[in-house]
Enquirer: 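Pasting in a structure now, in structure tokens, and then I'll have a few things to ask.
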Amino acid sequence: MSTLFEPDAPTPIIVHDAPGGSGGGSNRGAGHAGPSSRLTDGLNPPQREAVEYRGPALLIVAGAGSGKTRVLTHRIAGLIETREAWPSQILAITFTNKAAAEMRERVSALLGQASEGMWISTFHSACVRILRRESEKAGLTSTFTIYDSADSRTVLKRIIKALDADTLGFTPGNAGAQISKLKNELTDVDAYARSANMSDPKQAVFLEIFRQYTRTLRSAGALDFDDLIGETVYLFRAFPETAALYRRRFRHILVDEYQDTNHAQYSLIRELTRPVSRELVVEMENKGVLVRGLEDETGIIPGASLTVVGDSDQSIYAFRGADIRNITEFERDFPGARVVLLEQNYRSTQNILSAANSVISNNFDRKAKNLFTTVGDGDKITGYTGYSGHDEAQFVADEIEALHRKGMAYRDIAVFYRTNAQTRALEEIFVRSALPYRVVGGTKFYERAEIKDAMAYLIAVANPLDELAIRRILNTPKRGIGPATETQLAQFAETNGLSFRAAMREAGSLGLGPKVTNAILQLAAVLDQAAAMLVPVQADDAAPTPSDDPNAEPDARGGVGAAKVSEVLTFLMTESGLLEALRRSRDPQDETRAENVEELVAQTKDFEKENPGSGLVDFLTQVSLVAAADDLDDSSGTVSLMTLHTAKGLEYDAVFLTGIEEDLLPHKMSANEPGGPAEERRLFYVGITRARQRLYLSLAMTRSQFGDTSVAMPSRYLQEIPADLIDWRQSPGMANSRGGTQPRALNARRDGRGPGQYGYSSDPTLPPAPRPKTEWPNAIGAQVRDNGDLELAAGDRIRHTNFGEGRVSQVTGEGTKRVAHVQFDTAGAKKLLIKIAPIEKL
DNA sequence: CCTATGAGGGTTTTT
DNA sequence: CCCTCATAGG
């Protein structure tokens, strides 16, 4: 009985006879020896304190590269080694699944044994685990589906259309963003209804959208990303005795990247760290839950010990509801909390750190923190200004090749950018240069239409309530079931109080044509057969509903004798005719699509191998929760391309920060938002601090977007780096804006601090003084350049200020966007925007 | 019900 | 530029 309420059954939870303890479960103040020196050797004093400190709350302010992962893993290992905690009493929250896996591995390595029962996962994974276990209390199926943003979008699109809400300016995008924001604040429909001003038609309609969205997801047995957190909080608040079980279990909670937590996540942590009241302790004891040794002298179980790690300078997820105050006000939230500051950086050279420090110091309203290192200055930062995004990409490719020739492995090099759209130019050039690269994140495998289709089949089997999944596959492959039939089915279901799925089985009584009726019945049969495959063979009389026993695994989660995910998927793909349709298709792209589906089957087999005992729902969960950074394979010998956001937490020997331009960094969408430019600066800071040895900053004078090209200005943040740290191969300083007479740097200046010049201020707190243009090593010339009327044709010889002489091979584009393709005698092939290139005809 | 065609619109970042 | 959506014709 003692394990009945134990959230993770196989793990022993008998704390009171832990060796090394003198009676108190947590050993707090019991004079324990502390972690062995093996776990603290080689740490600097603050790191050591962060590992050894014991108390209710600890905030580790960890600057970039200050060894926080090391501190966290050693802290966890120390807790276990000294027997202050069983592995099962530890809950560690990381930002990505990859970080979680790495942390688990490192803790196990430190302890020399696998650490069974430890929960190391992301917020979302942990919540899914809790919600599936407590699904009944939360009013959910244990096989609930997790909707990604695309799914939410589809639902919202339907609702907005039905309500004609687009006339009021609602789009799936903005409505979804608003709903997400509310959920992150733990505001549900009812709470919103109470606060909304119903005489405002916009708010009234939004309320209706919100209400219908919530209802749709409910009836589909689905949760969106935000619900995963919010529903867990609601569950704990509504069922104190359930919350008590988790509060009793997790005695040490550690949260990484705390600066990026939102209000819902903060509330979840608060719920988990509350003490368990006397009454509930008694109640648990009566039910056979082991609590002895956990209570204090007053009979309550004190709140768990909380450790958070973060750096407010790296807070870059405000758009997702992250509230920087969670970390800045930690000491107020948790009175008596100890704060440890880690400032020594073990990653980067001093030049890179100086640049980072100097940039971030422009954010007012922050606690002073200065990263330092003892490894020396290192190389200067390399700067480059291309004429176009392609030119910039070519520079990146050339430099990577140079680094590679000097012995740097491709896998130690990364290229970052602000928006995903920027990958295009980079990829084109990389392919042409035969550089091995991979784009991390971006359009992922699981976002491809055919994969979403295949997944929808699996979801329809796992969660028959999920109408969205069923509707997606209803006519995929083409079966002649069109929108009209779909509506009829939905109506039939509605009037007869059936689920959509049940209505399909009754298709015979709808009076549809024989061909359509047959198609529907056949699909329903295929899904039913697949569902039957998942029922464990020996449990012939078991009802397919989840039982009361939290340890019982529902059928779709893979009972003994149940079919494997790969078998079910293969069955579905064959019997539904999807694979056949793709193979038979004339469209050459369908061939790759069929291969992708086969790749998915292969992935399910991998999953089975790596997660024995897991079932269909586990597979679906894992797929839903993979983050961009998760599929980063360290062993691949390729250059990594990713956004600045996904770069967080990673580090590389050489880093290229591209597109350091106004409107891109800071992005134009954030320029007007309060706190926008400061957050963009932190993003730049995060990018800079990823580099160990070499840092490159690049930008372009023109950038094409949506097909047309416009002039780009250097980012205001570039001026915040002391000039002597950057070695400009091609400086941005002298190129002129369209017809302008001022240096570009002036145009970039928006804070009223007066004219600045590139690379000038070595002390960012002082107003910049003018500096002669001639100091630019690569100055192009001060004259206003406008070659708008320069006529060029293939075969012409030209001279370029930097590239020397060359021959025009081709001229493309029109008007101000004419581009000359030039084969230079020494500098190779380049594309130049004729209007602004520093060229003359010979 | 399916397919081809053209117009229109859109992107910041992501669990 | 690329993707989605609406429309018309098969």
Side-chain angles (χ1 to χ4, degrees), chain A residues 93-100 121-128 146-150 152-154 157 161 166 171-174 176-177 180 183-184 223-230 257 260-262 264-265 315-322 389 416-425 428 440-444 447 449 474-475 477-486 512-513 515-516 519 586-587 621-630 642-648 659 663-673 676 679-680 682-684 686-687 703-709:
Chain A
I93 303 286
T94 59
F95 201 66
T96 63
N97 294 298
K98 183 171 183 272
S121 69
T122 62
F123 270 108
H124 296 269
S125 301
C127 287
V128 169
I146 300 164
Y147 278 5
D148 63 17
S149 358
S152 299
R153 202 189 158 75
T154 309
K157 208 192 294 175
K161 201 172 168 186
D166 52 334
T171 63
N174 61 33
S180 176
K183 287 186 177 180
N184 285 332
L223 298 178
D224 64 24
F225 283 132
D226 304 315
D227 288 332
L228 296 177
I229 316 291
E257 307 284 9
D260 283 322
T261 51
N262 60 35
Q265 291 165 331
S315 165
I316 55 173
Y317 281 101
F319 72 93
R320 206 168 77 186
F416 302 155
Y417 36 81
R418 175 69 234 264
T419 68
N420 284 305
Q422 289 167 253
T423 51
R424 189 157 301 152
E428 273 172 34
V440 181
T443 325
K444 284 175 288 183
E447 281 166 12
L474 197 59
N475 201 28
K478 303 265 184 292
R479 306 185 168 86
I481 310 173
T485 314
E486 188 182 322
L512 295 162
K515 222 174 129 188
V516 183
R586 275 246 229 48
D587 187 341
T621 303
Q622 202 219 32
V623 170
S624 302
L625 298 181
V626 286
D630 289 338
M642 68 191 87
T643 65
L644 284 164
H645 282 89
T646 56
K648 189 172 77 152
D663 292 347
L664 218 44
L665 190 78
H667 195 275
K668 58 166 166 282
M669 292 297 172
S670 70
N672 305 321
E673 288 168 14
E679 172 142 327
E680 299 281 309
R682 289 194 290 269
L683 202 47
F684 188 40
V686 165
R703 175 87 42 195
S704 29
Q705 200 188 7
F706 297 153
D708 50 22
T709 312

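Proteins come first, then strands; the chains are lettered A, B, ... in the order of their sequence lines, and each starts at number 1. Basis for what follows: all heavy atoms, side chains included, without hydrogens, waters or symmetry-related copies.
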Enquirer: What's the closest nucleotide to the side chain of A/Asn475 if the choices are C/dC5, B/dT12, B/dC2?
Expert: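 For A/Asn475, the side-chain atoms sit closest to B/dC2.
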Enquirer: Let me know the distance between CG of A/Asp166 and P of C/dT4, rounded to the nearest Å.
Expert: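 Result: 19 Å.
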Enquirer: Is the phosphate of C/dC5, meaning OP1 or OP2, less than 4.0 Å from a side-chain N or O of A/Lys157?
Expert: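 So the side-chain polar atoms of A/Lys157 do come within 4.0 Å of the phosphate oxygens OP1 or OP2 of C/dC5, strictly under.
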Enquirer: What is the distance, rounded to the nearest whole Å, between atom CZ of A/Phe225 and atom C1' of B/dT15?
Expert: 6 Å
Enquirer: Quick one: A/Asp663 CG to B/dT11 P, roughly how many Å, whole number?
Expert: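 Going from A/Asp663 (CG) to B/dT11 (P), I get 17 Å.
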Enquirer: Do A/Lys648 and A/Tyr317 come within less than 4.5 Å of each other through their side chains, counting heavy atoms only?
Expert: yes
Enquirer: Is it true that A/Ser152 and A/Asp224 share a donor-acceptor pair across their side chains at a distance under 3.5 Å?
Expert: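 Judged by distance alone, the side chains do not pair up.
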Enquirer: For A/Asn174 and A/Thr171: C-alpha separation, side-chain torsions, deciding distance, then whether side chain to side chain donor-acceptor pair (under 3.5 Å) applies.
Expert: CA-CA 5 Å; A/Asn174 61 33; A/Thr171 63; 3.2 Å; yes
Enquirer: Within this structure, what is the CD1-to-P distance between A/Ile316 and B/dT15, rounded to whole angstrom?
Expert: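 Distance, rounded to whole Å: 11 Å.
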Enquirer: May I have the distance from A/Glu447 (atom CD) to C/dC2 (atom C1'), rounded to whole angstrom?
Expert: 16 Å
Enquirer: Let's see if you can work this out: which of B/dC1, C/dA6, B/dT13 has an atom nearest to the side-chain heavy atoms of A/Thr419?
Expert: B/dT13
Enquirer: Answer with base, sugar-phosphate or nothing: what part of the nucleic acid does A/Asp148 contact at a heavy-atom distance below 4.0 Å?
Expert: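 The answer is nothing, as A/Asp148 stays clear of every strand by at least 4.0 Å.
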Enquirer: Taking A/Glu486 for its side chain and A/Ile481 for its backbone only, find out whether a donor-acceptor pair lies under 3.5 Å.
Expert: no
Enquirer: Of the candidate nucleotides B/dC1, B/dT13, B/dT12, which contains the atom at the shortest distance from the side chain of A/Met669?
Expert: B/dT12
Enquirer: Considering only the P atoms, how many Å lie between C/dT4 and B/dT13, rounded to the nearest integer?
Expert: 16 Å
Enquirer: Take A/Arg479 and A/Phe123, find for each the nucleotide of DNA chain B with the closest heavy atom, and name the residue whose nucleotide sits nearer the 5' end.
Expert: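 Per heavy-atom nearest nucleotide, the more 5' residue is A/Arg479.
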Enquirer: Quick one: sort the A/His124 and A/Phe225 rings into parallel, tilted or perpendicular, breaks at 30° and 60°.
Expert: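 Ring orientation, 0 to 90° scale: perpendicular.
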Enquirer: Checking contacts here: which listed nucleotide (B/dT3, B/dT14, B/dT12) is nearest the side-chain heavy atoms of A/His645?
Expert: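 Within the option list, the nearest is B/dT14.
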Enquirer: Consider the side chain of A/Tyr317, meaning its heavy atoms from C-beta on, and name the nucleotide among B/dC1, B/dT14, C/dC1 that approaches it most closely.
Expert: B/dT14
Enquirer: In whole Å, what is the span from the CG atom of A/Asn174 to the C1' atom of B/dG9?
Expert: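 Between C1' of B/dG9 and CG of A/Asn174: 15 Å.
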Enquirer: Counting side-chain heavy atoms from C-beta on, which of B/dT11, C/dA6, B/dT3 comes nearest to A/Ala421?
Expert: B/dT11
Enquirer: With sugar-phosphate meaning primed atoms plus P, OP1 and OP2, does A/Thr485 contact a base, only sugar-phosphate, or nothing at under 4.0 Å between heavy atoms?
Expert: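 Answer is sugar-phosphate: A/Thr485 comes under 4.0 Å of backbone atoms only.
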Enquirer: With a 4.0 Å cut-off on heavy atoms, is A/Lys515 in touch with a base, just the backbone sugar-phosphate, or nothing at all?
Expert: nothing
Enquirer: Name the nucleic acid region contacted by A/Lys668, choosing base, sugar-phosphate or nothing; use a 4.0 angstrom heavy-atom cut-off, strictly under.
Expert: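 No contact.
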Enquirer: When the nearest nucleotide of DNA chain B is assigned to A/Glu679 and to A/Pro483 on a heavy-atom basis, which residue is associated with the more 5' position?
Expert: A/Pro483
Enquirer: Could you state the CZ-P distance from A/Phe95 to B/dT15, rounded to the nearest angstrom?
Expert: 7 Å
Enquirer: What nucleotide, of C/dC1, B/dT3, B/dT12, holds the atom closest to the side chain of A/Arg418?
Expert: B/dT12
Enquirer: Could you give the OH-to-C1' distance, from A/Tyr417 to B/dT12, as a whole number of Å?
Expert: 13 Å
Enquirer: Can A/Thr122 and A/Ser125 be said to form a side chain to side chain donor-acceptor pair (under 3.5 Å), step by step?
Expert: CA-CA 5 Å; A/Thr122 62; A/Ser125 301; 3.0 Å; yes
Enquirer: Compute whether any side-chain donor of one residue and acceptor of the other, for A/Ser624 and A/Thr621, lie under 3.5 angstrom apart.
Expert: no
Enquirer: For C/dC1 and A/Ser704 - does any side-chain N or O of the residue sit under 4.0 Å from the phosphate oxygens OP1/OP2?
Expert: no
Enquirer: Please determine, for the side chain of A/Lys478, which listed nucleotide (B/dT3, C/dC2, B/dT12) has the closest atom?
Expert: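 That would be B/dT3.
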Enquirer: With hydrogens left out and only the distance checked, is there a donor-acceptor pair under 3.5 Å joining A/His667's side chain and the base of B/dT12?
Expert: no
Enquirer: Under 4.0 Å between a side-chain N or O of A/Asn420 and OP1 or OP2 of B/dT13?
Expert: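 Affirmative; the distance criterion is met.
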